[in-house]
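Contents: one structure, followed by commentary.
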Amino acid sequence: MRLSTLFGETLREVPSESDSVSSQMLARAGYVRQLAAGLYSYLPLAQRSLRKIEQILREEMDAINGQELCMPVVHPAEIWQESGRWYEIGDEMARFQDRKGRELVLAMTHEEVVGILCKTEIRSYRQLPQMVYHLQTKFRDEPRPRAGLIRVREFVMKDSYSLDQDFEGLQSQYEAHYDAYHRFGARLGINLVAVQSDPGMMGGKIAHEFMYITPVGEDSLVICDETGYAANLDVASFQKIPEPASHEEPLVRVHTPDQKTIAKVAHFCGVSTRQTGKMVFYMGEFGSEEPSRLVAACVRGDMEVNELQLQYAVKAQSLRPAETSEITSVGCVPGFASFRDIDRSKAILVADDLIPESKNLIIGANEVDWHYTGANYGRDFTADVVAPIALAYDGAPDPINGKPLRFVRGIEVGNIFQLGTRYSERLGALFNDQDGKEQPIVMGSYGIGVGRALACVAEQYSDEYGMDLPISVAPYQVILVSLGRAGEVFEAAEALYRELLAANIEVLYDDRSVSPGVKFADADLRGIPLRCTVSSRSLNNGGAEFGRRRSKDLQIIPLDSAVAHIQKAIDECFESLHQRLENLPTWVSRVS
RNA sequence: CGGGGCGUAGCUCAGCCCGGUAGAGCACUGCGUUUGGGACGCAGAAGUCGUCGGUUCAAAUCCGGCCGCCCCGACCA
């Protein structure tokens, strides 16, 4: 490709549209342009990179017996009504009507269509297992798109769907995806960490997210480098160690003027926050049939509430922080609340499982400026539900060996879900088993965001001058820079360009008549890993100048063997990338 | 949805407080010079100041509504 004709300019100045490194780099390098919030055009360079990422996905999916197909982006509403998600999903799903008034939706994912396809294609256990995948556009009307390609509304996802007759089959395909996703990350040059995650409304019990670890990530994770335990904060567990206490002290009502927060009360009483019980109030929604109810949660004073686990503990559809009036309506005094003296007919009381283990807590007395000391679960107060509802924290003891967990942030590049039979049952995707009995197909679903993967690569492989993409992702392998329009240099560069093309080397040829500074600056920006320069200086030295992007260690390669030299360097780039495939985490080697 | 910021030429931004001729740099066009790390001179083209309304003799500037974009939070099958 000649740079003089490439569609897509570099930007000299940092675009103002977003703060994230990847979006600024991709914009400056002429890869992407924003059309609206969360909607991007991919210019030719980005398109080439995306196609390379897609090709890697195809190879990895094919390697685990996937079959590529393609399903529509526009779906009739009925299939989403059948699966139930028409009613469960809110404004995130784009809904519209066709000219006849038929309700349509833009696909957020494709479980429903796969289920519909199974109804006609799969009838017998003899046809299972199967795995299908596609690379297709999704639309999710995110409440807040952000960070360039990291969180967009329209994006291409590789989504695959496993179809099995039983859970053993599902487990096996799940494990195959687990390993394939690690290979995918390695081939892109990024480390993906598999973390336990919340299956959420996808249903099923087991799910993992594949995270690219970076401080700019939007998900919070806990990981332990020693045991390999890794989990999304939502589902992270940790060891809970009660404060030592020799005996139960008596319950004593103490005056605590103006000590409204846990920190203040603990300080006032001269104890650690670990000796206190903290109350947090939510309003729980339980569906249209049931009225919403107050959910009162109690965790030890040094901890926070894990809202997702609290929601599961009370089997609520959703939780929101309670208003002060809602708290007082059950007899609680904000700032001085506890499970004692609460109207238990109007609220669900949930205690973290550490609370019954903890002796002699300070809790609220439900009266302004008063607390109790020496409160003990069972004797002085009880809950309706005891469950692990405390949020893991930085340094919390690993659930396996008790070593401190590390808090990190990550970007979710992929996820894998064991769906089970939820969709096949609702959509009627059944097969006849060996006994001739109808059974629902056991499904799994597995996604990878293609653009998000590119953003993660750009995030990692950038410096102040631009991107330095791995050879597997870079739109071109080498950038050929010609300096000077003098006849000899021009002829040599043109000849080398033709030779590189003939040798099937992916070359971006800067044939523009701009100053050397512009060419080098653009070469640094564009993300091409190798650079070859032809100039009168290089010709005088015996050929072309060649090396890694921005390297000071440049070698002169004779023109007649230049192609071979460049091919060798490309091969070495791939080899060093492929070394990442060794010692990858696998399902078998995982701990968590 | 809550909080904050912004919207002026293709890009980055100044001008707005204090109302009166729409600006700079980069990019672009032409001519000439220049060619190893974002060159220089001369000439030129380019904006309905997001939008609608109000105040005023007069609005980019003051006031109000709306729209859009970014950031923090909520949310995220």
Side-chain angles (χ1 to χ4, degrees), chain A residues 8-20 23-24 27-28 30 33-39 80 83-94 105-112 138-148 150-153 157 159 197-204 207 209 216 218-220 232 234 282 307-308 311 317-321 411-412 415 417 419 422-423 445 447 449 464-466 481-486 489-490 510 512-525 531 533-541 544-545 549-550 552 554:
Chain A
E9 297 292 305
T10 53
L11 303 179
R12 188 174 289 219
E13 299 187 67
V14 177
S16 60
E17 57 196 32
S18 169
D19 286 351
S20 86
S23 71
Q24 289 183 353
R28 287 187 64 198
R33 295 288 179 250
Q34 184 176 22
L35 180 63
L39 302 175
W80 287 79
S83 75
R85 291 206 282 189
W86 173 267
Y87 311 101
E88 293 162 7
I89 298 172
D91 293 338
E92 217 179 324
M93 182 153 71
V105 309
L106 292 182
M108 300 175 68
T109 173
H110 285 79
E111 281 80 12
E112 279 79 2
K138 311 281 182 272
F139 186 84
R140 300 178 187 185
D141 197 356
E142 297 284 348
R144 180 151 106 80
R146 68 177 138 208
I150 303 291
R151 191 161 205 75
V152 293
R153 293 193 291 175
M157 179 186 255
D159 40 327
S197 67
D198 173 38
M201 298 299 277
M202 278 293 203
E209 291 164 340
V216 302
E218 17 176 43
D219 291 280
S220 294
N232 194 303
D234 286 344
Y282 296 89
E307 292 184 18
L308 185 73
Q311 182 186 329
Q317 272 188 358
S318 65
L319 293 179
R320 64 165 172 83
I411 296 170
E412 182 187 347
N415 51 37
F417 293 95
L419 298 178
R422 172 196 158 110
Y423 292 93
S445 103
E464 58 180 307
Y465 303 100
V481 178
S482 87
L483 295 185
R485 288 168 293 175
V489 172
F490 176 79
D510 195 345
R512 299 173 299 170
S513 51
V514 295
S515 70
V518 171
K519 290 192 175 192
F520 288 134
D522 276 354
D524 291 345
L525 265 178
R531 191 179 81 190
T533 307
V534 177
S535 66
S536 48
R537 185 198 288 180
S538 78
L539 293 178
N540 287 338
N541 287 335
E545 208 175 65
R549 169 185 172 275
R550 285 196 66 74
K552 292 200 175 79
L554 297 167

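Each chain gets a letter, A, B and so on, in the order the sequences are listed, and its residues count up from 1.
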When all nucleic acid strands are considered with a 4.0 Å heavy-atom cut-off, which category describes A/S538: base, sugar-phosphate, or nothing?
base
Classify the nucleic acid contact of A/E9 as base, sugar-phosphate or nothing, counting any heavy atom under 4.0 Å across all strands shown.
nothing
For each nucleotide in nucleotides 28-33 of chain B, reading 5' to 3', give B when a protein heavy atom comes within less than 4.0 Å of its base, S when such contact involves only the sugar-phosphate, and - otherwise.
------
Tell me what A/V14 touches on the nucleic acid: a base, only sugar-phosphate, or nothing, going by heavy atoms under 4.0 Å.
sugar-phosphate
Applying a 3.5 Å limit to both distances, which nucleotide forms a Watson-Crick or G-U wobble pair with B/C6?
B/G68
Checking base pairs now: Watson-Crick or wobble, both atom distances under 3.5 Å. What partners B/G47?
none
Tell me the partner of B/U61, counting only Watson-Crick (N1-N3 plus N6-O4 or O6-N4) or G-U wobble (N1-O2 and O6-N3) with both under 3.5 Å; none if nothing fits.
none
Would you mind telling me which residue lines up with the more 5' stretch of RNA chain B, A/E545 or A/E307, judged by nearest nucleotide?
A/E545
Re B/G37: Watson-Crick or G-U wobble partner, both distances kept under 3.5 Å, found to be none
Apply side chain to side chain donor-acceptor pair (under 3.5 Å) to A/E412 and list each qualifying residue two or more places apart in sequence or on a separate chain.
A/N415
Does a side chain donor of either A/S197 or A/N232 reach within less than 3.5 Å of an acceptor in the other side chain?
no
Are OP1 or OP2 of B/C70 and a side-chain N or O of A/R144 less than 4.0 angstrom apart?
no
With a 4.0 Å cutoff (strictly under), does any side-chain N or O of A/R146 reach OP1 or OP2 of B/C69?
no
Mind checking who B/U12 pairs with, Watson-Crick or G-U wobble, both distances under 3.5 Å?
B/A24
Name the residue closer to the 5' end of RNA chain B, choosing between A/R537 and A/P15 according to the nucleotide with the nearest heavy atom.
A/P15
Partner of B/C18 by Watson-Crick or G-U wobble geometry, both contacts under 3.5 Å, or none?
none
Interface polar pairs with nucleotides 37-39 of chain B, N/O, under 3.5 angstrom:
unit_1 : atom_1 : unit_2 : atom_2 : d
B/G37  : O6     : A/R531 : NH1    : 2.9
B/G37  : O6     : A/R531 : NH2    : 3.0
B/G37  : N1     : A/D524 : OD2    : 3.2
B/G37  : N2     : A/D524 : OD2    : 2.1
B/G37  : N2     : A/R550 : NH1    : 3.4
B/G38  : O2'    : A/R12  : NH1    : 2.7
B/G38  : N2     : A/D522 : OD1    : 3.2
B/A39  : OP2    : A/S515 : OG     : 3.1

Can you check the distance between B/G5 and B/A14, where both ends of the measurement are the P atom (answer in whole Å)?
15 Å
Watson-Crick or G-U wobble mate for B/C42, both contacts under 3.5 Å:
B/G30
Sticking with atom C1', work out how far B/U34 lies from B/A39, rounded to a whole angstrom.
7 Å
Under 4.0 Å, counting only non-hydrogen atoms across every strand here, what does A/A147 touch: a base, just sugar-phosphate, or nothing?
sugar-phosphate
